[in-house]
Amino acid sequence: MIALGSDQAGYELKQVIMKHLEERGLEYKDYGSYNADPVDYPIYGRKVAHAVVDGECEKGILICGTGIGISIAANKIKGVRAALCSDCFSAEATRLHNDANILAFGARVVGPGLAEKIVDTFLDTEFSGAERHQRRVDMIEEG
């Protein structure tokens, strides 16, 4: 299960991503926002972050205008490794090396076609498990 969250700036792109996930046969849960009315992005960053760390969802996807604020909010929750990615290389690398559990991007930065490719790359890439990468993830988790 994939947790999804956005503010008003990311709402339309989130609809595109939900349709894309459905086409791939992947289950998701939408944690809001549920329309394009102005909201505070930290609320949705935290909701998705808690869904991931509490085990309700395996991974998360967050979208705001730039992806910056919502990823910062999510990363305040212990156990979250949210990565802001605007390209497929970064999405692959953050899964391989950082075992990132939440993808963030900006609706004002990434168009729908690229967003779908970034999502696919993030979801389809497994953590490498290499000793040096695991050691670094452990160091991140220690705080």
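To the nearest 0.5 angstrom, Phe105 atom CZ is 10.5 Å from Cys64 atom SG. Once rounded to the nearest 0.5 Å, the distance linking NZ of Lys117 with SG of Cys88 reads 7.0 Å. Atom CD of Glu142 sits about 8.5 Å away from atom NZ of Lys78, to the nearest 0.5 Å. Atoms CG and CG, from Leu123 and Leu21 in turn, are 6.5 Å apart once rounded to the nearest 0.5 Å. For the atom pair CG of Leu114 and CG of Asp87, the computed distance is 7.5 Å after rounding to the nearest 0.5 Å. Between the CD1 atom in Ile63 and the CD1 atom in Ile61 there is a gap of 7.0 Å [rounded to 0.5 Å].
Taking a 6.0 Å sphere around CD of Glu12, one finds it holds 12 or fewer heavy atoms contributed by other residues, nucleotides or ligands. Atom CZ of Arg135 has more than 12 heavy atoms from other residues, nucleotides or ligands within 6.0 Å.
By the rule that hydrophobic residues join a cluster once side-chain heavy atoms approach within less than 4.5 Å of another member, Val110 and Leu84 end up as members of separate clusters. If you chain together hydrophobic residues whose side chains sit under 4.5 Å apart, Met1 and Val52 never meet in one group. Under a hydrophobic clustering in which Ile, Leu, Val, Met, Phe, Trp and Tyr are joined whenever their side-chain heavy atoms come within less than 4.5 Å, directly or via other members, Val39 and Tyr11 fall into different clusters.
Proximity of Val53 to Val80: side-chain heavy atoms (C-beta onward) are separated by under 4.5 Å at one or more points. Using a 4.5 Å heavy-atom threshold, the side chains of Arg81 and Glu141 count as touching. Between Cys85 and Thr94 there is a side-chain heavy-atom pair separated by less than 4.5 Å. Inter-residue side-chain proximity for Glu92 and Phe122 is flagged as unmet; no heavy-atom pair is nearer than 4.5 Å.
The two residues Ser71 and Gly67 come nearest to each other via the heavy atoms OG-O, 2.9 Å. Across all non-hydrogen atoms, the minimal contact from Ala100 to Arg95 is O-NH1, 2.8 Å. The minimum heavy-atom distance between Ile102 and Ala74, with the atom names listed, is CD1-CB, 4.4 Å. Nearest approach of Ala49 to Ile77, heavy atoms of both residues: CB-CG1, 3.6 Å.
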- Stepwise side-chain contact (heavy atoms from CB on, under 4.5 Å) test for Ile2 and Glu27: CA-CA 6 Å; Ile2 311 299; Glu27 293 184 6; over 6 Å; no
- Message: Is there a side-chain contact (heavy atoms from CB on, under 4.5 Å) between Leu4 and Met18? Walk through the geometry before answering.
- Response: CA-CA 8 Å; Leu4 296 173; Met18 289 190 305; 3.2 Å; yes
- Task: Please report the C-alpha distance between Asp30 and Lys14 in whole Å, then the side-chain angles of each, then the deciding distance to 0.1 Å, and finally whether the side-chain contact (heavy atoms from CB on, under 4.5 Å) criterion is met.
- Result: CA-CA 9 Å; Asp30 183 4; Lys14 184 178 65 170; 2.7 Å; yes
- Query: Would Val16 and Leu13 satisfy side-chain contact (heavy atoms from CB on, under 4.5 Å), going step by step from the backbone distance to the final call?
  - Reply: CA-CA 5 Å; Val16 171; Leu13 186 53; 4.2 Å; yes
- Give the intermediate values and the outcome of salt bridge (charged side-chain N to carboxylate O under 4.0 Å, His left out) for residues Asp120 and Arg24. CA-CA 9 Å; Asp120 288 346; Arg24 287 193 55 182; 2.8 Å; yes
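Looking at Asn101, Asp99, Asn98 one by one, the single match for side-chain contact (heavy atoms from CB on, under 4.5 Å) with Phe127 turns out to be Asp99.
Judged purely by atom type and a 3.5 angstrom limit, Thr125 uses its side chain to pair as donor or acceptor with the backbone of Thr121. Of the possible donor and acceptor atoms, one in the side chain of Asp7 sits under 3.5 Å from a partner among the backbone N and O of Gly10.
Sequence neighbours left out, the pairs with a member in residues 31-47 that pass side-chain hydrogen bond (donor to acceptor under 3.5 Å, both in side chains) are Tyr31-Glu56.
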